[in-house]
Each structure stands twice: as C-alpha cells, then as structure tokens.
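Step one of this worksheet: look at the structure below.
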Number of protein chains: 2
Amino acid sequence: MTVDRDQVLRTAAALLTRKATATMDEVARAAGIGRATLHRHFAGREALVRALEELGIRELEAALDTARLDEDGAPDALRRLVTEVEPVAGLLAFLVTENQLFETEQMNEGWARIDARVSALFRRGQEQGEFRIDLTPAWLTEALYGLIGSGAWAVQDGRVAAKDFQYMIVELLLGGARRSVEK
Amino acid sequence: MTVDRDQVLRTAAALLTRKATATMDEVARAAGIGRATLHRHFAGREALVRALEELGIRELEAALDTARLDEDGAPDALRRLVTEVEPVAGLLAFLVTENQLFETEQMNEGWARIDARVSALFRRGQEQGEFRIDLTPAWLTEALYGLIGSGAWAVQDGRVAAKDFQYMIVELLLGGARRSVEK
DNA sequence: CCCTGATGAGACGTTCGTGTCTCATCAGGG
DNA sequence: CCCTGATGAGACACGAACGTCTCATCAGGG
C-alpha cells in the first residue's frame, strides 16, 4: 500500500526525460498515484527535481565506480564509462537541461565530484600519452556530456538505435570523424 | 519612435539564451520597450519563439551559405561552418532546447533543410574518403549540434574562452581525443 | 503648428499549475 | 475482526504569467 518512493522517482525520471515540463499531476498519474500522495512524499516540484538530481548523481557515481576509470588504458576506461552511463543518459540530459534552464541557485556538490572524476580520466589519458593535450580535460568532459545528451535525444526520437549508443559516442569522442590510416 | 522589430528579436535571443524561462515582461524590459508594445509586435510568447526560430534558421542558412560547404575538402568546409556558426551558437542552443522541451507540434521545415545540408557535407566527406564511414552522417550531424551546444554553454558560463570555440569543436569532431602519430 | 500614430504604464480578467486540506476508502497488522 | 495509517479523489485558495484594453504622452510628418 505504501508508495515505493524510489519507484515513483524512476517513473518521474522517465516521464520528465520525455517531457521536461510535465505537470505534478502528470507525474503523479504516470506513477499511478494521486497528486496528494505525490505531495506527501515530495514537498513540491522543486523537491521532486532535487530528489531526481540526487538519484541521477547516485546512479552516475555508481556507473563511475563500475567503470573502474583508473584501470587499464584511458580509452578502454572511457568505453566502459559510456556503456555504464547509457541507462542514465536520459535522466542526465534532463538534469543538465534543468540546470542550465533555471538560474542555478546553488549547484549540488555531487556534480563537482563527478566532473572531477571524469576530468581526471581525461587527464590520466593525456599524461599517459593516449590522449592529445591540446584539448583541455574540462572541454573533453563538457564534450562528453554533450555527446551523451545528443545520443540520448537521438535514441529517444528513434533517429539512432540504442544498441549503437556506446559505439557512436566513444568512437567519435576518441577517434573523431576523420578517416585515418592507422585505424 | 517605431520599434525596430529585428533589434527586439536579437535582444530577446540574447536574453532567452541566458535564461530560457524569461518572462514576456523581462523580454520587453530587456529590449527597452513596454510589454504592451512587445505584444503589439508578437501576438504572444509562442509567436515570439516562432519569430526567433525564423531568425535562427535565417542566420544559420546564411552561415551555411558563407561557409561554402561544397568547396574544398570536407574537413576545411567543416572548419568554416563552425566558424560561421559561432555567433549563432547561443540562439541555436536555446532553440534546440525549446524544441525538445515542448512537444514539437510541427517542426519548422527550415530545420530539415539545414539538416540536409549538414548531412550532405558529412556524406561528401565520406564519399571522398576523408571521413570514416562507420559513423552515419545523421549521427555526425547530431553530434555536431551537441558539441556546438556544449561549446556555447561552456563559453557562456566562462568555462572556456570564446576564441577557442571553433578550434575545440572542430578538432574534437574531426580528430577525436585520441593522440595519433600521423597528426 | 497641429494631427496622426505609435508608445509606455498600468489596470483588469483569465488561465494554469501549485500547495493545502478534507473526507471517504482500503489494506494490513495486531 | 477491528483499528490504524496511508491513499485517492476532489475542493479550494493562491500566485504567476499571459493577453487585452485604456489612456495619457510624445515624436514626427504634413
């Protein structure tokens, strides 16, 4: 009988990923509960988004853990990362949009932690001579987010197949579009 | 005395790029006109966004023209394209967000025209052996938009310098992050 | 110099989403 | 089997933003 808070969150994430402006009422109906109950668990829309942010950060950090970014070569670690991130890509895209859409009162420190870990991966790749050094880790991180977002939207709209998600992103990010002999 | 419609549009674009949820009143004040006057020129918020969409498409197509995508090698054409697009990047990012945010009743055909031209560039590059063929032109196009958006936001937030915009995007898109001997 | 037309400021009614509250219902534990 | 606590449905008031309208003002052309 009691509502499964986490289940509601995941349903909300799925809906808001598709329609970022969904009403509290729509979120409630999507989760199969009443609007009043939704408010009982999340004080308001902002609280809901905050909870989603927490969820996204939690899952993203779990993905970072599973990907073992500091093992093997940086390129392989990056491959693992994108693979692990794929299920969270939609939620991630929503949260990023949400952040840059509304004035970011104060950013959750979780994002800084995540940024640091991803940047560190790129920096490691540079130090080990696997990545070029004329593109900053900050930009590579930013670009990775952008590509993940683009990939998520493209998959959602059916423009590309979900199974190609990891390949497309990693291949482009690592090798670029240019055809090279040594490939 | 008469309001310069195009000037209002550009001011609105600049504001909405920074704050996508800006009020009609805020848009009016930013343009230095009264809210009533704003309504006299644009029937409502939707009409304003539509007008911005027209503006963005117009400027983007102008950029495509100037870039002469069918001349020289595809990589060089791409460089020119990104250079020309830079001033419109912010508006473009706003419009893309706006489109995926709200249910796309019906997409302006201008986007299809632009997509076709950009895709054609990538396809040409593939046919001439300059671009790899395992990444579809559709995905490369999508990725280009994503990187432009990321670049625009990164510049806006001061995370990267505007002067690096073109270099970062083109270098990543063309060559990728991996360090290669032949570069 | 007057007259026309556009503008700015503000009032007003409407819509939409939110947040709160009440009340009847229902499930599950004791 | 009863009682407690959570839930769903709906009513309600509030606030934000929108779109419309009025009216005084002002610039510029005739």
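- Distance CZ/Arg45(B) to NE2/His39(B): 10.0 Å, rounded to 0.5 Å.
- Asp164(B) has its side chain out of reach of Trp139(A): every pair of non-hydrogen atoms, C-beta onward, lies at least 4.5 Å apart.
- We find that CG of Leu16(B) is positioned 15 Å from C1' of dA17(D), with the value rounded to whole Å.
- The environment of CD in Glu71(B) is crowded: more than 12 heavy-atom neighbours from other residues, nucleotides or ligands sit within 6.0 Å.
- Comparing atom distances between the Val3(B) side chain and each of dT7(C), dC18(D), dG10(D) picks out dT7(C) as nearest.
- Using the Watson-Crick or G-U wobble rule with both distances under 3.5 Å, dG30(D) pairs with dC1(C).
- The CE-C1' distance, from Met24(A) to dT20(C), rounds to 13 Å in whole Å.
- A side chain to side chain donor-acceptor pair (under 3.5 Å) with Asn108(A) holds for exactly one of Arg50(A), Arg113(A), Glu54(A); it is Glu54(A).
- Considering only side-chain N and O atoms, His39(A) lies nowhere under 4.0 angstrom from the phosphate OP1 or OP2 of dC21(C).
- Counting any heavy atom pair closer than 4.0 Å across all strands shown, Arg45(A) reaches sugar-phosphate atoms only and no base atom.
- The partner of dT7(C) is dA24(D), by the rule that a Watson-Crick or G-U pair needs both atom distances under 3.5 Å.
- Arg40(A) comes within 4.0 angstrom of a nucleotide base, judged by non-hydrogen atoms across all strands.
- The CG-P distance, from Asp25(A) to dC16(C), rounds to 13 Å in whole Å.
- Residue Arg35(B) places no side-chain atom within donor-acceptor reach of the base of dG8(C), judged by atom type and a 3.5 Å distance cut-off alone.
- The CD-C1' distance, from Glu46(B) to dA17(D), rounds to 15 Å in whole Å.
- The separation between Leu48(B) atom CG and dC18(D) atom P is 10 Å, rounded to whole Å.
- Per the geometry, CZ belonging to Arg29(A) stands 17 Å off P belonging to dT7(D), to the nearest Å.
- The closest side-chain heavy-atom distance from Val170(B) to Leu81(B) is not below 4.5 Å.
- In terms of phosphate contacts, His41(B) brings a side-chain nitrogen or oxygen within less than 4.0 Å of OP1 or OP2 of dT7(C).
- Summarising the base pairing, dT14(C) is matched to dA17(D) through a Watson-Crick or G-U wobble pair whose two defining distances lie under 3.5 Å.
- The residue among Ala43(A) and Ile33(B) whose nearest nucleotide of DNA chain C is located toward the 5' end is Ile33(B).
- The phosphate of dG8(D) has OP1 or OP2 within less than 4.0 Å of a side-chain N or O from Thr37(A).
- When rounded to the nearest whole Å, the span between CG of Leu38(B) and P of dG19(D) equals 10 Å.
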